[in-house]
Amino acid sequence: MPADAEQNPGWLDSLRIYARPRMLSMLALGISSGLPYMLIFSTLSAWLRQSGIARATIGMLSWVSLVYTLKFLWSPVVDRLRLPLLGALGQRRSWMLLAQLSIAGALLAMSTGDPRQHVLRVAAMALWLAFSAATQDVAIDAWRIESAPVREQGAMAAAYQFGYRLAILIASAGALWIAADAGWAHSYATMAALAGIGILTTLLVREPERIVPQVSVLTERRVVAWLEQRAHWPDSLRHAGAWFLGAVICPLIDFFTRYGLQLGLLMFAFISTYRLTDFTMGVMANQFYLDMGFTLKQIAAVAKIFGTLWSIAGILIGGLAVVRLGRTRSLLLGSCLIILSNIGYAVLAARGGASVPGLAAVISLDNFAQGVHGTALIAFMSSLTSASYTATQYAVLTSLYALPPKLLMGTSGHVVDAIGYPRFFVYTASLSIPALLLLYLLARRRDFKLLRALPSAT
């Protein structure tokens, strides 16, 4: 039995976790997190494609979502800066509420845009939405990690993913259905109203209690020493430097102090390659459906609603896999399923024709795979953070897993134009191989097997 699967509860006890109030709150916050992402990423690409925008341009516009990968730059502000007025709600809730109000405003602004006449304006509003959504994710991730012990992070990740997948259903199938009947302006205005789910949840949940482990208190002494050495500096400059050191540098020092440079860099490399396949394939998904001859309502009914049911199953299995199989095996299972799903897309593309049963089959496998895949990664990254720097460290880790695939997915349109859809999906399936090799190297390391004993997981 692997070290990370020892002393696990039974299957029934594992399922009871999902009935706890904080799991339901996590589900609602998952909806709030997933709603804007789909409206920037997948649904926006369908709007642009139907407006006559070229595939290559749509692929490049997907780089707007790179804002998500840069959130580590301002995550220290979310982690440490107390907001005026809203700060009475608490550090996490105040930032969540501010970001959610901004998301609603950005979606309303996008509903007034027309890509056929002002594609750059739509791109600018999508950038505003991406910044607000990324800020919300920093605060929600911190709230999730601080609101539950490590043994429940798999279930919290599953609840988050479940809400996220419901948001995918709303922001893709729902948005496409509304757009087909009432137009894209009404579709995005409706999504702006649904941002109220996150706002209401934030007002109702409790602010988590932050517990600082001793290892992080010792790290903060670097700030004290830095201030003592610069007593002759102006107060404003000393305070700015001390804040930067404590909020930006100390989280990185803390991470590599706990895990060591070699293991830390190896985990960074693994995380940065784990989601290459689904990101690179995802930006072309809606365009693939349209190019295959499916209508917006067929995509909404089959690719979104039916697929989401399988996604929910994947999330539940992913959460249970983390508890029962352990960290390494659940990550391995997710990668293997993702490879199989992309091979399925390649087969569908090679056969040609708008086969609804064929689409339902590959969508089911893909959504199930992504549920397991994403839940395993979220639980793994959550276990690596320190309670002193939750928002900053988790933002760095999520930026790592998103930056390489988002840089790569911007070229997806050019790749499809060059080699066609069947070979494109074989290409995306092969992108999971580097992560599998790195996971093998990690699994062989004794220090990786003993991560549960480190301060971040106590």
Side-chain angles (χ1 to χ4, degrees), residues 29-30 32-41 44 61-83 86 91-107 123-146 157 160-161 163-164 167 195 198 202 243-244 246-252 254-255 267-268 271-272 274-275 278-279 282-283 374 377-378 380-382 384-386 388-410:
L29 291 174
S32 183
S33 181
L35 190 73
Y37 185 74
M38 292 306 297
L39 297 171
I40 299 165
F41 185 52
L44 180 60
L61 283 175
S62 70
W63 280 331
V64 167
S65 62
L66 279 172
V67 171
Y68 277 87
T69 69
L70 300 175
K71 61 188 177 183
F72 69 91
L73 295 176
W74 65 91
S75 61
V77 177
V78 179
D79 215 359
R80 297 298 184 93
L81 182 63
R82 182 180 176 85
L83 291 172
L86 290 179
Q91 186 71 16
R92 303 311 181 199
R93 295 169 66 215
S94 61
W95 277 99
M96 286 157 58
L97 182 60
L98 177 63
Q100 288 156 355
L101 293 172
S102 184
I103 287 168
L107 288 171
M125 291 184 290
L127 187 64
W128 169 20
L129 177 60
F131 178 79
S132 303
T135 302
Q136 177 191 225
D137 283 358
V138 172
I140 287 179
D141 288 334
W143 183 91
R144 172 176 54 81
I145 295 170
E146 294 172 357
Y160 174 83
Q161 287 279 79
Y164 204 97
T202 298
W243 183 89
F244 179 80
V248 180
I249 304 302
C250 284
L252 294 175
D254 169 79
F255 186 87
M267 289 192 296
F268 276 14
I271 291 170
S272 67
Y274 190 70
R275 298 200 66 181
D278 54 320
F279 271 72
V283 72
L377 181 62
I378 290 173
F380 171 58
M381 293 190 302
S382 299
L384 300 180
T385 63
S386 166
S388 295
Y389 310 106
T390 309
T392 303
Q393 289 184 350
Y394 194 82
V396 169
L397 294 175
T398 53
S399 296
L400 276 173
Y401 89 65
L403 181 58
K406 285 184 178 179
L407 288 173
L408 195 59
M409 77 182 187

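Note that these values count all heavy atoms, side chains included, but never hydrogens, waters or copies made by symmetry.
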### Query
Which pair of heavy atoms, one from S382 and one from Y394, lies closest together, and at what distance?
OG-CE1, 3.6 Å

### Task
Work out which heavy atom in L397 is nearest to a heavy atom in I271; give both atom names and the distance.
O-CG2, 3.5 Å

### Task
Can you measure from OG (S132) to CG (L98) and round to the nearest 0.5 angstrom?
8.0 Å

### Query
Is it true that the side chains of T202 and W143 contain a donor and an acceptor less than 3.5 Å apart?
no

#### Entry: R144 CZ to D137 CG distance, which is reported to the nearest 0.5 Å
10.0 Å

### Summary
Contacts of A126 meeting side-chain contact (heavy atoms from CB on, under 4.5 Å) (sequence neighbours excluded), chain-then-number -> L44, V64, M110

## Note on the structure
dist I103:CD1 -> M96:CE (nearest 0.5 Å) comes out at 10.5 Å

### Query
Please walk me through it: do Q393 and D254 pass side chain to side chain contact (heavy atoms under 4.5 Å, CB included)?
CA-CA 9 Å; Q393 289 184 350; D254 169 79; 2.7 Å; yes

### Query
Looking only at heavy atoms, which two atoms of M267 and L384 are closest? And how far apart?
SD-CD2, 4.0 Å

### Query
Is the closest side-chain heavy-atom distance between L29 and Q100 below 4.5 Å?
yes

#### Entry: Residue pair A167 / L35: nearest heavy atoms and the distance that separates them
CB-N, 3.4 Å

### Query
Can you list the steps and then say if W95 with T135 is a side-chain hydrogen bond (donor to acceptor under 3.5 Å, both in side chains)?
CA-CA 8 Å; W95 277 99; T135 302; over 6 Å; no

### Message
Less than 4.5 Å apart, side chain to side chain, heavy atoms only: is that true for K71 and V67?
### Response
no

### Query
Any donor and acceptor pair, going by atom type alone, linking the side chain of Q91 with main-chain N or O of V78 inside 3.5 Å?
yes

### Pairwise distance CG(L97) to CG(L86) - rounded to 0.5 angstrom
5.5 Å

### Task
Report the distance from atom CH2 of W74 to atom CZ of F131, rounding to the nearest 0.5 Å.
5.0 Å

### Query
Just by distance, do the side chain of Q136 and the backbone of S32 share a donor-acceptor pair under 3.5 Å?
yes

### Message
With rounding to the nearest 0.5 angstrom, report the OG1 to CZ distance, T385 to F255.
### Response
9.5 Å

#### Entry: Steps toward side-chain hydrogen bond (donor to acceptor under 3.5 Å, both in side chains) verdict (Y160, S33)
CA-CA 9 Å; Y160 174 83; S33 181; 2.7 Å; yes

### Task
For the residue pair P405 and Y274, establish whether any side-chain heavy-atom pair is separated by less than 4.5 Å.
no

### Task
Mind telling me whether Y68 and Y37 have parallel, tilted or perpendicular rings, with 30° and 60° as the class edges?
perpendicular

